[in-house]
Amino acid sequence: MGDLSKQPGHLRPAPENFLSDEQVKAVAAGRRDFLRKSFLAAGAAMAAPIAARASDGDPEILNLPPWSTSLGMPVAVNPYGQPSKFEGQLLRRESPGLTRVGGASVSFAPLQGLFGIITPSGLHFERHHQGWHDVDPARHRLMINGSDPAFLKKPKVYTMDQLMRLPSVSRIHFIECGANTGLEWGNVAVPTVQYTHGMLSCSEFTGVPLKLLLEDCGVDYKKARYVLAEGADGSSMTRTIPMEMVENGEVFVAYGMNGEMLRPENGYPLRLVVPGVQGVSWVKWLRRIEVGDKPYATKDEAVHYIDLMPDGLHRQYSSIQECKSVITTPSGGQRLLEKGFYNITGLAWSGRGKITRVDVSVDGGINWKTARIEGPVQNKALTRFNIDWVWDGKPAMLQSRAIDETGYVQPAYGQLREVRGTKSIYHNNAIQSWKVVESGEVSNVQVL
Ligand SMILES: Nc1nc2c(c(=O)[nH]1)N[C@H]1C(S)=C(S)[C@@H](COP(=O)(O)O)O[C@H]1N2
Ligand SMILES: [Mo]
């Protein structure tokens, strides 16, 4: 059998299947390939490489390894468990293409190495406009007030202890930064799915519905139609949320993430969860909620997170993350080691509800097959899909296309650009293409 890391399908843990930071820089410096659907005609009829196989006995079968012949470690050597040392490559990473300004930066989740739909808390992407703090929960407060006393009768200040006594909900939701896949609008070849789509994570969050708190404070829903959420960090992160999203019970203030308290980077001890809405509205270190009768037009909604449209006008308040999907394996920077069977796997999500179908193409969108969806499918959560593929060793173009319960179909780049133009930064939900060449190398291209 030889070296297990050379076995087909063993894509994930082999170090050679991760780009080094140097390689990432080199690729990011280059230009992308733009391809039309007819690309396949050019690349047909290439010989498939056959990987050599060891015919001798496998020493890993013939000899007992140390873990079969010695005492194991006792319990609680790691009182807080850590991943295997063999998984040390799977980390959140900063993009070489983005500059860190003080604490204002972003780290991307390594989607290529994750299974199922839950992002491990230590790999959840991070986006801080002004760095993160480990906030003392004993000193943290949540204030709820109205911009006019008529909107909310009894303004209140809650401590964490008070919040955690209230009825709680636990729900699985995705969070995606509005700028996720943003570099793909431009002519930059972002090399891996970690950098193209890694401002995306999914967790089980636990907390108190905001509706319950507002009603505790005597909100008047007829007058108070908007909510302003404010964070305790130095970024003056403030976002307006329409009251309908609160009234339907979906928005909640969360202290829990994946069964434990939130991580400091993700807003410990309290953050807002706004299912389906772009990450920026999920205010971290949440310290204040104000209710009002109109949108607040704060900097992070009036100036940032807006979309420059082809007619030269900006589209504002487009905060719902539209239906989107991506193949996470095989994906850019990975390498298929020989022809044969592969499980194509990926993620689909929609800010408008549940995913109903995901189609996969291996020929750049000419033919599509429906993938297997791993249920139960959750509302506004990542949804895992899988599909069988036998690679014939010839060039291929892998794509996925998601459909949500509203019937919306994820667009191709050409379709998205027709409506949105080319000058956007945010809200790119186009179909992602991964090109596979005869050597097995997988890279990021755009099929229009
Ligand atoms: N207080 C505060 N909340 C914030 C931010 C911030 O900088 N400060 N960043 C926002 C942005 S732009 C995103 S995408 C998400 C990222 O959440 P995460 O770091 O938990 O992934 O938090 C949002 N909430
Ligand atoms: Mo964001």
Side-chain angles (χ1 to χ4, degrees), residues 92-95 98 100-111 114 118-135 140-143 173-183 194 197-207 227-241 251-258 260-290 298-307 318-321 349 351 382 424-429:
R92 304 194 270 226
R93 291 179 192 271
E94 282 185 87
S95 166
L98 297 172
R100 193 197 296 179
V101 186
S105 193
V106 50
S107 75
F108 295 79
L111 301 180
L114 302 182
I118 299 293
T119 313
S121 296
L123 296 176
H124 190 292
F125 85 98
E126 305 160 89
R127 172 74 179 108
H128 318 302
H129 290 237
Q130 196 55 263
W132 61 273
H133 297 271
D134 200 352
V135 171
H140 189 72
R141 302 287 182 270
L142 174 65
M143 175 166 124
H173 289 299
F174 77 82
I175 166 171
E176 181 182 24
C177 177
N180 198 27
T181 325
L183 287 175
Q194 180 157 12
H197 289 74
M199 281 196 272
L200 171 74
S201 294
C202 184
S203 294
E204 184 194 61
F205 293 97
T206 297
V227 159
L228 180 79
E230 180 186 274
D233 55 330
S235 71
S236 17
M237 179 54 68
T238 36
R239 290 275 306 183
T240 304
I241 294 147
V251 176
F252 58 104
V253 301
Y255 44 79
M257 181 165 121
N258 297 332
E260 59 183 0
M261 288 297 285
L262 286 164
R263 295 289 170 90
E265 303 93 304
N266 306 113
Y268 177 86
L270 197 67
R271 88 173 306 166
L272 200 61
V273 170
V274 195
V277 170
Q278 61 181 336
V280 66
S281 289
W282 295 46
V283 173
K284 302 191 278 189
W285 315 289
L286 179 71
R287 74 164 167 204
R288 194 168 70 92
I289 295 282
E290 180 175 299
T298 68
K299 71 168 167 37
D300 283 298
E301 54 202 20
V303 183
H304 304 299
Y305 296 91
I306 57 177
D307 303 309
S318 50
S319 57
I320 293 184
Q321 295 297 101
W349 62 101
L382 292 188
S424 278
I425 301 171
Y426 303 105
H427 310 121
N428 177 356
N429 68 323

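As the structure lists them, so they are numbered: ligands from 1, and atoms in each ligand from 1.
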>> Side chains of E265 and H124: any donor to acceptor distance under 3.5 Å?
In response: no
> Atom OH of Y426 and atom CD of Q321: how far apart are they, to the nearest 0.5 Å?
Replying inline: 11.5 Å
> Under a strict 4.0 Å criterion on non-hydrogen atoms, which protein residues are in contact with ligand 1?
Replying inline: H124, F125, E126, R127, H128, H129, I175, C177, G231, D233, S235, M237, E265, N266, R271, G279, V280, W282, V283, K284, W285, Y305
> Excluding sequence neighbours, so at least two apart, what forms side chain to side chain contact (heavy atoms under 4.5 Å, CB included) with Q130?
Replying inline: S235
>> Tell me which one of L123, L200, L382 satisfies side chain to side chain contact (heavy atoms under 4.5 Å, CB included) with L111.
In response: L200
>> Do F108 and M199 have side chains that approach each other closer than 4.5 Å (heavy atoms only, starting at C-beta)?
In response: yes
> Passes side chain to side chain contact (heavy atoms under 4.5 Å, CB included), W282 versus V273? Steps please.
Replying inline: CA-CA 5 Å; W282 295 46; V273 170; 3.7 Å; yes
